Amino acid sequence: MRVSWCGSLKAALLFSAAAAASPSEAQISGIEISAGMLPRVTSDTVDRLRLRSLSDSTYSFPLLRSPSTLSSPLSNSYWTPAFQLVAPTVRLVNNSSIPFSQNDGALWAGKGNSTGVTAGLRMELGPLRIILAPEFLSIDNSDWQLRDTVRFYAPPLPEERRGGGFVFPWYRAPHSIDQPLRMGDKAIRTVVAGQSSVLLQAYGTAIGVSTENEWWGPGMRNAVVLSDNASGFPHLLLRTSSPVNTPLGRIDARLLVGGIAESGHFDTTSTNNLRAISLLGVAVYPWFARSLSIGFARAVYGTVDEWNTVPGRALRVFSNPGRPNNRPLADSADYPGGEDQLYSLFARWVSPADGFEVYSEWSRTELPSSFRDLLIAPNHTQGYTLGVQWRKPAPVGARSFRLQAEATNLEQSSTFRDRPVGSYYTSRKAIQGYTHRGEVIGASIGPGASSQWLAMDILQASWFAGPFAGRIRWNEDMHSVYGWPSYLGYCSHDVTIFTGGRAGWRNKYFSASGEVTFGNRLNAWFQEQSGCPNGPSRLDIRNRTLSVTLSAGAF
């Protein structure tokens with residue numbers, strides 16, 4: 001049954017109003033019961049916490065976060081059973097022409113209406129912490145022409161790697177990745193485990209199993225190693241339950257091992273659909289520089305045959321898979337079976353007196369072969385994010401102005417002139433790349449891309465509003481290595497330029513936010529063949545994206 005966007009909105013409003021109208025706390029026979037929201041890692045709650053760090057010198061914004069670590073304890077009494085109804089969070093996205101989905105978690109927003117509802121239950125007793133927060137998804141996934149193969153050339157793919165016709169044909173060997181242009185040809189109606197976790201906490205540590213999203217790093221729009229751009233993957237975890245005090249400073253650390261799956265629109269081989277991923281994240285908040293926070297993230301991922309072998313890969317993050325993509329382009333073959341890696345260093349510095357922060361993340365996909373190699377080519381396989389945020393200092397609750405800017409670059413480094421360079425998130429060994437169910441686990445701009453983003457807002461205690469603009473150059477590594485004719489190459493880059501506005505409102509029981517984005521994808525998916533400057537044989541696609549997020553319950 002087709003679910004309309006307006007119908008979903010009405011249902012969401014009724015559901016949210018009912019949750020907000022219910023009592024927020026109660027106690028029955030020694031059992032504490034409450035209602036509240038479960039924050040996403042890129043939610044309005046996170047934005048408020050980040051703003052708090054721009055005015056409160058005693059507060060450190062978490063560089064490693066997940067819904068379970070962003071949520072406050074339910075009870076002050078350790079052995080008192082406590083329950084919380086997780087009030088619904090509803091996200092609605094409508095794309096007019098083509099898919100456009102960034103940091104939407106399990107909700108892949110294709111053309112048409114896409115709706116995701118998260119709700120559930122939290123339970124705590126002694127060291128036990130349980131969050132059951134499944135996500136209910138309804139995605140139209142409407143039809144659109146993937147590529148105009150009559151007017152525009154595309155490289156041929158072997159039958160077994162066409163993914164039912166949904167594969168972007170330039171991502172062939174050796175730059176292999178499972179990132180379909182469309183998630184099949186049918187509407188998607190499903191339920192996923194979502195932001196669920198079962199943990200045991202004791203002595204400052206937590207151990208358990210989870211499917212929740214994590215965000216590692218200081219980026220607002222892009223996190224290179226781990227973000228909520230894709231659905232959360234099932235994983236085991238060991239982490240600090242809160243930052244631990246040490247002589248160096250407060251340290252937050254987490255170790256994850258899990259399974260990442262194929263989308264079903266990649267190849268016809270059924271025996272390679274599972275990969276294992278091992279991740280380590282560390283964040284340090286030094287005593288000697290309270291305005292500074294620094295961190296490290298690393299991922300090692302590779303092929304496995306069965307789920308029961310995944311836990312045994314937990315410590316692979318401490319290994320070195322070598323340089324699986326360090327082969328000349330003339331060697332255009334994949335070598336399935338093996339591991340690949342990605343790691344980053346990041347930092348954030350805040351000046352609360354000025355309402356200002358600056359942050360960066362620097363990453364590589366290869367470890368240096370020696371200290372000499374690091375000195376000679378520190379930028380080999382590098383990517384980076386640079387960002388700033390400034391809020392005009394103002395009394396709490398008073399109206400103020402905010403400026404945000406962020407730039408991310410994952411395009412191939414200039415060392416490609418000297419030695420082979422792979423492309424971010426693609427791999428010769430783990431041929432589905434750094435993805436889970438067809439979406440990149442890291443930066444939302446995807447493989448071999450770059451982006452710039454600027455936003456301005458008026459802020460008040462209960463609302464915000466402002467314009468934004470940005471640019472994304474997609475799939476640039478594929479443009480660079482394909483070998484376009486000189487008369488065509490310099491004007492056939494695949495670029496989206498966009499602008500729009502956003503606004504939000506909140507009170508104690510309810511919050512609502514929304515964005516409208518007007519984008520123009522120039523030479524969409526390299527569909528430009530008329531020579532330079534651009535002539536009539538090109539395809540630009542205009543797309544309007546409208547997104548609304550509704551949350552009920554106090555946080």
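This is a predicted model, so every value here is computed, not measured.
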Exercise. Hey, could you give me the CD/CD distance between Q452 and E406, rounded to the nearest 0.5 Å?
Key: 10.5 Å
Quiz item: Between E366 and T381, do the side chains contain an N or O donor and an N or O acceptor separated by less than 3.5 Å?
Solution: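 No, no side-chain donor-acceptor contact under 3.5 Å.
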Quiz item: Are the charged groups of R161 and D334 less than 4.0 angstrom apart, N to O?
Solution: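 Salt bridge present between R161 and D334.
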Quiz item: So, D477 versus S480: side-chain donor-acceptor pair below 3.5 Å or not?
Solution: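 The answer is no; no qualifying pair exists.
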Quiz prompt | Pair L107-V93, side-chain contact (heavy atoms from CB on, under 4.5 Å): steps then yes or no | solution = CA-CA 9 Å; L107 184 69; V93 184; 4.1 Å; yes
Quiz item: Between the side chain of R65 and the main-chain N/O of V41, is any donor-acceptor distance below 3.5 Å?
Solution: yes
Self-check item: Partners passing ring-ring contact (aromatic ring centres under 6.0 Å, His included) against Y425 (at least two apart in sequence or in another chain)
Solution: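 Scan of Y425 (ring-ring contact (aromatic ring centres under 6.0 Å, His included), adjacent residues dropped) gives Y434.
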Quiz item: Step by step, would you call R323 with S369 a side chain to side chain donor-acceptor pair (under 3.5 Å)?
Solution: CA-CA 9 Å; R323 302 180 175 188; S369 59; 3.2 Å; yes
Quiz prompt | Spatial distance of atom CD (E214) from atom OG (S227) [nearest 0.5 Å] | solution =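 Between atom CD of E214 and atom OG of S227 there are 11.5 Å.
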Quiz item: Of T365, N320, V317, which meets side chain to side chain contact (heavy atoms under 4.5 Å, CB included) against Q341?
Solution: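 In the set T365, N320, V317, the residue that makes a side chain to side chain contact (heavy atoms under 4.5 Å, CB included) with Q341 is N320.
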Quiz item: Residues in ring-ring contact (aromatic ring centres under 6.0 Å, His included) with Y171, at least two apart?
Solution: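 With neighbours one apart ignored, the set is F168.
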Quiz prompt | Residues E262 and R275 bridged, charged N to O under 4.0 Å | solution = no
Self-check item: Pairs satisfying ring pair (Phe, Tyr, Trp, His ring centres under 6.0 Å), at least one member in residues 207-238, at least two apart
Solution: F233-H235
Exercise. Return yes if a side-chain donor-acceptor contact under 3.5 Å exists between S68 and S71, otherwise no.
Key: no
Exercise. Look at the side chain of N245 and the backbone N and O of R250, then say whether any donor-acceptor pair between them is shorter than 3.5 Å.
Key: no
Practice problem: Dump the intermediate steps for side chain to side chain donor-acceptor pair (under 3.5 Å) on S210 and S197, then the final yes or no. | Solution: CA-CA 4 Å; S210 174; S197 59; 4.7 Å; no
Quiz item: Below 4.5 Å, heavy atoms only, C-beta onward: do L256 and L236 meet side chain to side chain?
Solution: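 Side chain of L256 against side chain of L236, heavy atoms only: no contact under 4.5 Å found.
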Quiz item: So, the side chain of S423 versus the backbone of H175: is there a donor-acceptor pair under 3.5 Å, distance only?
Solution: no
Exercise. Report yes or no: is the cationic atom of R364 (NZ for Lys, CZ for Arg) under 6.0 Å from the centre of the six-membered ring of Y384, at an angle within 45° of the ring normal?
Key: no
Quiz prompt | Axial cation check for F166 ring with R182, 6.0 Å and 45° limits | solution = no
Practice problem: Verify, without hydrogens or angle tests, whether R473 (side chain) and E411 (backbone) share a donor-acceptor contact under 3.5 angstrom. | Solution: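 Absent.
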Practice problem: Say whether T408 and T385, considering side chains only, have a donor N or O and an acceptor N or O under 3.5 Å apart. | Solution: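 Indeed, the side chains of T408 and T385 share at least one donor-acceptor pair under 3.5 Å.
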Quiz item: Step by step, would you call L49 with L70 a side-chain contact (heavy atoms from CB on, under 4.5 Å)?
Solution: CA-CA 10 Å; L49 292 175; L70 289 169; 4.0 Å; yes
Quiz prompt | Under-4.0 Å salt bridge between D47 and R52 | solution = no
Self-check item: Those residues that, when tested against L238, pass side-chain contact (heavy atoms from CB on, under 4.5 Å) (two or more places apart)
Solution: I207
Quiz prompt | Any side-chain donor near an acceptor of the partner, D178 and S263, under 3.5 Å | solution =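 The criterion, which ignores hydrogens and geometry beyond distance, is satisfied for S263 and D178.
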Quiz item: For H380, what residues pass the ring-ring contact (aromatic ring centres under 6.0 Å, His included) criterion, not counting sequence neighbours?
Solution: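 H380: no ring-ring contact (aromatic ring centres under 6.0 Å, His included) contacts found.
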Quiz item: Under 3.5 Å, is there a donor-acceptor pair linking the side chains of R40 and T45?
Solution: no
Quiz prompt | W474 CH2 to S451 OG distance, which is reported to the nearest 0.5 Å | solution = 8.5 Å
Quiz item: Taking D373 for the side chain and P368 for the main chain, is one N or O donor matched with an acceptor at less than 3.5 Å?
Solution: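 The answer is no, because no donor-acceptor pair under 3.5 Å joins these two groups.
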Quiz item: Judged by atom type as modelled, is there a donor-acceptor pair below 3.5 Å linking the side chain of Q201 to the main-chain atoms of T240?
Solution: no
Quiz item: Out of curiosity, D104 CG to S114 OG, how far, rounded to the nearest 0.5 Å?
Solution: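 Answer for the CG-OG pair, D104 versus S114, is 8.5 Å.
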Self-check item: Atom pair CD (Q84) and CD1 (I131), whose distance is rounded to the nearest 0.5 Å
Solution: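 It comes to 9.0 Å.
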Quiz item: Does atom OH of Y78 have more than 12 heavy-atom neighbours, drawn from other residues, nucleotides or ligands, at distances under 6.0 Å?
Solution: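 More than 12 heavy atoms, drawn from other residues, nucleotides or ligands, come within 6.0 Å of this atom.
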Self-check item: By salt bridge (charged side-chain N to carboxylate O under 4.0 Å, His left out) - contacts of D340 (at least two apart)
Solution: none
Exercise. For the residue pair T549 and D44, confirm or rule out a side-chain donor-acceptor distance under 3.5 Å.
Key: no
Practice problem: Indicate whether the side chain of T271 and that of T269 have a donor and an acceptor atom separated by less than 3.5 Å. | Solution: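 T269 and T271 do not have a side-chain donor-acceptor pair below 3.5 Å.
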Exercise. Evaluate the side-chain contact (heavy atoms from CB on, under 4.5 Å) criterion for residues L342 and Y424: first the C-alpha distance (whole Å), next the side-chain angles of each, then the deciding distance (0.1 Å), finally the verdict.
Key: CA-CA 9 Å; L342 175 65; Y424 265 73; 3.5 Å; yes
Self-check item: Heavy-atom donor-acceptor pair, E124 side chain to L74 backbone, under 3.5 Å
Solution: yes
Quiz item: Is E212 salt-bridged to R239, cutoff N-O under 4.0 Å?
Solution: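 Looking at R239 together with E212, the answer is yes, because their closest N to O distance falls below 4.0 Å.
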Can I get a per-line list of side-chain donor-acceptor pairs under 3.5 Å for residues 57-64, giving both atom names and the distance, sequence neighbours left out?
residue: T58; atom: OG1; partner: D56; partner atom: OD1; Å: 2.5
residue: T58; atom: OG1; partner: D56; partner atom: OD2; Å: 3.3

Quiz item: Have S413 and Q382 got a donor and an acceptor in their side chains that come within less than 3.5 Å?
Solution: no
Self-check item: Pairwise salt bridge (charged side-chain N to carboxylate O under 4.0 Å, His left out) hits with a residue in residues 312-321, at least two apart
Solution: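 Checked against salt bridge (charged side-chain N to carboxylate O under 4.0 Å, His left out) - neighbours excluded - the pairs reaching residues 312-321 are R313-E339, R316-E339.
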Exercise. Show your working on side-chain contact (heavy atoms from CB on, under 4.5 Å) between Q102 and I445 and close with a plain yes or no.
Key: CA-CA 8 Å; Q102 293 187 295; I445 58 175; 4.0 Å; yes
Quiz item: salt bridge (charged side-chain N to carboxylate O under 4.0 Å, His left out) with E135: which residues, sequence neighbours excluded?
Solution: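 So E135 forms no salt bridge (charged side-chain N to carboxylate O under 4.0 Å, His left out) with any residue.
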Quiz item: Sequence neighbours excluded, which residues qualify as salt bridge (charged side-chain N to carboxylate O under 4.0 Å, His left out) partners of E439?
Solution: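 Partners of E439 by the salt bridge (charged side-chain N to carboxylate O under 4.0 Å, His left out) criterion come out as none, since no residue qualifies.
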Self-check item: Residue list, salt bridge (charged side-chain N to carboxylate O under 4.0 Å, His left out) with R290, at least two apart or on another chain
Solution: none
Practice problem: Kindly say whether R221 contributes a backbone atom to a donor-acceptor pair with the side chain of N103 at under 3.5 angstrom? | Solution: yes
Exercise. Using atom types as modelled and distance alone, determine if a side-chain donor or acceptor of N229 lies under 3.5 Å from a backbone N or O of V440.
Key: yes
Quiz item: With the threshold set at 4.0 Å, does a side-chain nitrogen-carboxylate oxygen contact exist between R348 and E357?
Solution: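 Salt bridge: yes.
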Quiz item: Would you say the side-chain atoms of S278 pair up with the backbone N or O of A314, donor to acceptor, closer than 3.5 Å?
Solution: yes
Practice problem: Apply ring-ring contact (aromatic ring centres under 6.0 Å, His included) to F100 and list each qualifying residue two or more places apart in sequence or on a separate chain. | Solution: none
Quiz prompt | CG on L550 to OG1 on T89, rounded to 0.5 Å | solution = 9.0 Å
